[in-house]
Amino acid sequence: MEPALLRAEGLGLRTRRGWVFQDLDLVVHAGELVTLTGPAGGGRTSALLALGGRFRTTHGTMTRGRTAFGLVPGVNEPEPALTVAEHVGERLRLLGLARPWHRRSRHALLAAESDDLVRDLSPLDRHRLMIKLALLEDPDVLLIDDIDVGLTPAETRTLLSDLDATGRAVVAVCRDAAAVPGALVSQVGVGR
């Protein structure tokens, strides 16, 4: 079997106020979809941020390849007053990959035209935009929060199909593991 692109063993964060999350064990290989589930307030988003290197941990070990974040509400969101094209152009410039941009082109994972404002995008298309931006970084693993929040079951299935088509490994936070059939499930929580 290929080496894991992301591995966490006993990963946790304890502060003076107690555990944020604890005992997270997770192994992710190429092309796999792994969901992080757990109770509200159980540290799912904090664990996701830790897996991407944006949140510290105090316990356990972790090894990872290149990671990039899709939509993480409150942390990694598109600017509502910018267009899709402006977001993509900005990311390309930040990555040193700037190139001419045609305003009317369609992009993989985006149903909306590139001149649409983010504030006018559906929740599904906001996810798609953030995945597109993450893919520009050429990650081994995509990290996405709340994959089943604000989407209909059909939209969640569409998003999962889009993610599968990327060929990337995906770690996605969800409230209900049943909303993501076929995914490997890792529980996140405090005092499990």
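Because the structure is predicted, anything quoted here is derived from the model rather than measured.
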Distance (rounded to the nearest 0.5 Å) between Asp115 CG and Glu86 CD: 9.5 Å
Heavy-atom side-chain contact between Val149 and Cys174 under 4.5 Å: no
Candidate list Val141, Thr67, Leu36, test side chain to side chain contact (heavy atoms under 4.5 Å, CB included), partner Leu51, passing option: Leu36
Beyond-backbone contact of Thr57 with Leu24, side-chain heavy atoms, under 4.5 angstrom: no
same_hphob_cluster(Leu133, Leu92) at 4.5 Å side-chain heavy-atom cutoff: yes
Reported CG-to-CG distance for the pair Asp146 and Leu71, which is rounded to 0.5 angstrom: 8.0 Å
Side chain to side chain, Leu151 and His127, heavy atoms closer than 4.5 Å: yes
Residues which pass side chain to side chain donor-acceptor pair (under 3.5 Å) with Glu137, listed by chain and number, not counting sequence neighbours: Arg91
Minimum-distance pair of heavy atoms, taken over all atoms of Leu117 and Ala81: CD2-O, 3.3 Å
Side-chain heavy-atom pair Val173, Ile144 within 4.5 angstrom cut-off: no
Test applied, side chain to side chain contact (heavy atoms under 4.5 Å, CB included); reference residue, Leu160; option that passes from Asp148, Leu33, Val170: Leu33
Evaluation steps, side-chain contact (heavy atoms from CB on, under 4.5 Å), between Arg14 and Val20: CA-CA 6 Å; Arg14 184 179 176 106; Val20 175; over 6 Å; no
Ile147 vs Leu163, side-chain contact (heavy atoms from CB on, under 4.5 Å): CA-CA, chis, key distance, verdict: CA-CA 11 Å; Ile147 198 166; Leu163 287 167; 3.6 Å; yes
N/O donor-acceptor pair under 3.5 Å between Thr158 side chain and Ala154 backbone: yes
Chi angles and distances behind the side-chain contact (heavy atoms from CB on, under 4.5 Å) call for Ile131, Asp162: CA-CA 9 Å; Ile131 292 165; Asp162 290 345; 5.8 Å; no
Close side-chain approach of Arg168 to Asp140, heavy-atom, < 4.5 Å: no
Residue of the set Arg66, His29, Met62 for which side chain to side chain contact (heavy atoms under 4.5 Å, CB included) holds with Leu6: Met62
Identified salt bridge (charged side-chain N to carboxylate O under 4.0 Å, His left out) counterpart of Arg126 within the set Glu77, Glu155, Glu79: Glu77
Audit row: Thr83, Asp116, side-chain contact (heavy atoms from CB on, under 4.5 Å) steps and yes/no: CA-CA 5 Å; Thr83 67; Asp116 286 344; over 6 Å; no
Flag for Thr45-Asp145: side-chain donor and acceptor within less than 3.5 Å: yes
Beyond-backbone contact of Leu142 with Val171, side-chain heavy atoms, under 4.5 angstrom: no
Leu13 vs His59 side-chain heavy atoms within contact, under 4.5 Å: no
Gap separating the CZ atom of Arg64 from the CG atom of Leu143, nearest 0.5 angstrom: 9.0 Å
Rounded distance [0.5 Å steps], CG in Leu48 versus CG in Asn76: 10.0 Å
Closest heavy-atom pair and its distance - Pro139, Ala134: CD-O, 3.3 Å
Any donor-acceptor pair under 3.5 Å from Thr15 side chain to Arg17 backbone: yes
Heavy-atom pair of closest approach, residues Ala169 and Val28: CB-CG1, 3.6 Å
Inter-residue atom distance Leu11.CG - Gln22.CD, 0.5 Å rounding: 11.5 Å
Any Arg44 side-chain heavy atom under 4.5 Å of Phe21 side chain: no
Between CG on residue Asp138 and CG on residue Leu95, distance to nearest 0.5 Å: 10.0 Å
For Pro78 against Met130, the heavy-atom pair lying closest together: CD-SD, 3.5 Å
